Amino acid sequence: MTISTILITDELQRVLNQAARQTSNTAPLMRTIRAQMLSQTQQNFRMQGRPKWPALSEVTIKNYERLGVSTAGLLRRSDSLYNSIQTFSDATSATISAGGGNQSGAYAAIQQWGGMAGRGRKVKIPARPYIPIDINGYLQPEAETGVNQVLMAHLRRSFR
């Protein structure tokens with residue numbers, strides 16, 4: 001079983017392997033992991049990052065003020081990024097992604113990982129990871145705890 005391209009700890013892999021051995025139908029487990037990942041992502045938006053995302057730059061704040069745009073709620077100005085979050089699961093995987101619909105994949109990626117953007121790629125955008133996966137593919141601590149809890153509950157039910 002895999003969780004998209006997320007790298008997982010040895011302990012989490014051991015539990016995943018044990019869960020796979022205990023049940024022939026892992027689709028319900030993957031649906032629950034998918035829901036957990038979506039919940040963790042929504043929490044990241046509500047909390048404006050865990051840890052907190054970097055604040056808007058002074059230039060961005062001035063531009064927003066000039067345009068009459070609110071500076072409250074990082075990454076929630078139009079909710080298009082939040083609404084572009086998509087999940088999928090099957091019997092062997094749970095996937096979460098962003099950038100569909102009205103939201104471009106490039107915008108979703110630059111917000112998640114950071115990098116250079118704008119005309120001539122002269123503006124440095126800090127990473128504001130909203131999907132609970134770091135640059136190396138590891139789950140953020142809160143997501144790892146949540147997925148572990150899902151797996152442990154699944155194993156407890158399997159042993160009954």
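Nothing fancy with the numbering, it's 1 onward along the sequence. Since the model is a prediction, treat every value here as computed from it, not as a measurement.
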Shortest non-hydrogen separation from [X] to [Y] and the atoms involved:
X	Y	result
Q112	I133	NE2-O, 3.0 Å
T26	T92	OG1-N, 4.4 Å
S84	G99	OG-N, 3.0 Å
S89	M30	CB-O, 3.7 Å
T41	P132	OG1-CD, 3.1 Å
L74	P54	CD1-O, 3.5 Å

Pairwise salt bridge (charged side-chain N to carboxylate O under 4.0 Å, His left out) hits with a residue in residues 131-141, at least two apart:
none
Report the C-alpha separation of I125 and Q111 in whole Å, then their side-chain angles, then the decisive distance to 0.1 Å, and conclude whether the side-chain contact (heavy atoms from CB on, under 4.5 Å) test is met.
CA-CA 7 Å; I125 305 293; Q111 293 302 329; 4.1 Å; yes
Pair R50-Q40, side-chain donor/acceptor within less than 3.5 Å:
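The criterion, which ignores hydrogens and geometry beyond distance, is satisfied for Q40 and R50.
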Could you measure the distance from the [atom1] atom of [X] to the [atom2] atom of [Y]? Nearest 0.5 Å is fine.
X	Y	atom1	atom2	answer
M37	T32	CE	OG1	13.5 Å
S57	K124	OG	NZ	12.5 Å
I33	H154	CD1	NE2	8.5 Å
L75	Q48	CG	CD	8.0 Å
I85	S97	CD1	OG	7.5 Å
E142	Q36	CD	CD	11.0 Å

State whether the side chain of S39 and the backbone N or O of A35 hold a donor-acceptor pair below 3.5 Å, judged by distance alone.
no
Counting only N and O atoms by type, is there a donor-acceptor contact under 3.5 Å from the side chain of D79 to the main-chain atoms of Y82?
no
Mind checking what makes salt bridge (Lys or Arg N to Asp or Glu O under 4.0 Å) contact with R46, not counting sequence neighbours?
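With neighbours one apart ignored, the set is empty.
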Compute both the distance and the angle, then confirm whether R34 meets the cation-pi test with F88: under 6.0 Å from the six-membered ring centre, within 45 degrees of the axis.
no
Quick one: do D90 and T95 satisfy side-chain contact (heavy atoms from CB on, under 4.5 Å)? Show the steps, please.
CA-CA 9 Å; D90 59 21; T95 304; over 6 Å; no
Under 30°, 30 to 60°, or over 60°: which ring-plane class applies to F45 and W53, parallel, tilted or perpendicular?
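Perpendicular: the ring planes of F45 and W53 meet at over 60°.
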Is it the case that over 12 heavy atoms from other parts of the model lie below 6.0 angstrom from the CE atom of M47?
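Check fails, neighbour count at 12 or below.
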Tell me whether the count of non-hydrogen atoms from other residues, nucleotides or ligands lying under 6.0 Å of NZ in K52 goes above 12.
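Yes, because the 6.0 Å sphere around NZ of K52 holds more than 12 heavy atoms from other groups.
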Any side-chain heavy atom of L151 sitting closer than 4.5 Å to one from L29?
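Yes - at least one pair of side-chain heavy atoms lies under 4.5 Å apart.
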Same hydrophobic cluster for L56 and M116, using side-chain heavy-atom links shorter than 4.5 Å among ILVMFWY?
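No; tracing contacts between hydrophobic side chains, which count when under 4.5 Å, never links both residues.
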Report the C-alpha distance between Q140 and N44 in whole Å, list the side-chain angles of each, state the deciding distance to 0.1 Å, and finish with yes or no for side-chain contact (heavy atoms from CB on, under 4.5 Å).
CA-CA 10 Å; Q140 76 183 49; N44 283 340; 3.0 Å; yes
